Amino acid sequence: MIYNASKNKFLNAQPYASWALDGSDDWKAPITYPSVDSGSGFIYMITWNETKYQADNNTGWEATKSNDDAETKTVYNWNGSAWA
């Protein structure tokens with residue numbers, strides 16, 4: 001944690017350059033966390049990709065499926081309403 005003198009408290013370190021503190025002093029991504037429906041017996045393993053966000057500010061969240069057993073897993077990108 002890092003001490004923030006102006007807030008007179010310790011805060012978690014900023015996880016990515018694009019993330020900002022919310023009113024509760026929690027770090028939030030510039031794009032809302034995806035709403036997902038796993039539906040078919042799997043879950044999405046969701047991560048933030050700062051490089052993708054810096055290249056295109058409409059992207060950033062990506063995921064793989066928990067049941068993907070391939071050596072190189074398929075990476076899905078969140079388009080704001082669904083995984084593509």
Side-chain angles (χ1 to χ4, degrees):
M1 298 187 86
I2 298 171
Y3 182 72
N4 183 307
S6 66
K7 293 180 179 277
N8 192 30
K9 66 180 183 177
F10 285 91
L11 301 173
N12 288 320
Q14 185 176 13
Y16 301 98
S18 63
W19 288 35
L21 288 171
D22 66 9
S24 300
D25 292 331
D26 294 318
W27 292 105
K28 297 294 180 191
I31 298 172
T32 303
Y33 188 83
S35 58
V36 274
D37 179 341
S38 58
S40 301
F42 64 86
I43 59 171
Y44 286 103
M45 310 301 286
I46 304 168
T47 57
W48 180 256
N49 186 318
E50 183 71 10
T51 302
K52 283 185 180 178
Y53 177 76
Q54 294 299 330
D56 177 355
N57 295 142
N58 295 310
T59 64
W61 292 112
E62 63 183 19
T64 57
K65 291 181 179 179
S66 62
N67 64 348
D68 186 344
D69 294 329
E71 186 173 330
T72 302
K73 297 180 184 266
T74 301
V75 176
Y76 300 89
N77 295 295
W78 186 248
N79 68 14
S81 60
W83 292 106

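Note that this is a predicted model, so its numbers are computed, not measured. We count residues from 1, following the sequence as given. Scope of the values below: all heavy atoms of this structure, side chains included, with no hydrogens, waters or symmetry mates.
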Under 3.5 Å: donor-acceptor pair, side chain of Trp83, backbone of Ala63: no

Under a 3.5 Å distance rule, please check whether Glu50 uses its side chain to pair with a backbone N or O of Tyr53 as donor and acceptor.
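Here the side-chain-to-backbone pair does not exist.
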
Pair [X]-[Y], side-chain donor/acceptor within less than 3.5 Å:
X: Ser24; Y: Asp26; result: no
X: Tyr3; Y: Asn8; result: yes
X: Asp68; Y: Ser66; result: no

- Task: Could you please spell out the steps behind the side chain to side chain contact (heavy atoms under 4.5 Å, CB included) verdict for Lys9 and Leu11?
- Result: CA-CA 7 Å; Lys9 66 180 183 177; Leu11 301 173; 3.7 Å; yes

Plane angle bin for Trp19 and Trp48 - parallel if under 30°, tilted between 30 and 60°, otherwise perpendicular: perpendicular

If you apply the rule side chain to side chain contact (heavy atoms under 4.5 Å, CB included), what do you find for Tyr33 with Ile46, and how did you get there? CA-CA 9 Å; Tyr33 188 83; Ile46 304 168; 3.3 Å; yes

[X] versus [Y]: any side-chain heavy-atom pair under 4.5 Å?
X: Thr64; Y: Val75; value: yes
X: Ser35; Y: Trp78; value: yes
X: Leu21; Y: Trp27; value: yes
X: Glu62; Y: Lys52; value: yes

Please round to the nearest 0.5 Å and tell me the distance separating atom [atom1] of [X] and atom [atom2] of [Y].
X: Lys73; Y: Lys65; atom1: NZ; atom2: NZ; value: 12.0 Å
X: Asn12; Y: Asn4; atom1: CG; atom2: CG; value: 12.0 Å
X: Thr59; Y: Asn49; atom1: OG1; atom2: CG; value: 7.5 Å

When every non-hydrogen atom of Gly60 is compared with those of Ile31, the smallest separation belongs to N-CD1, 4.3 Å

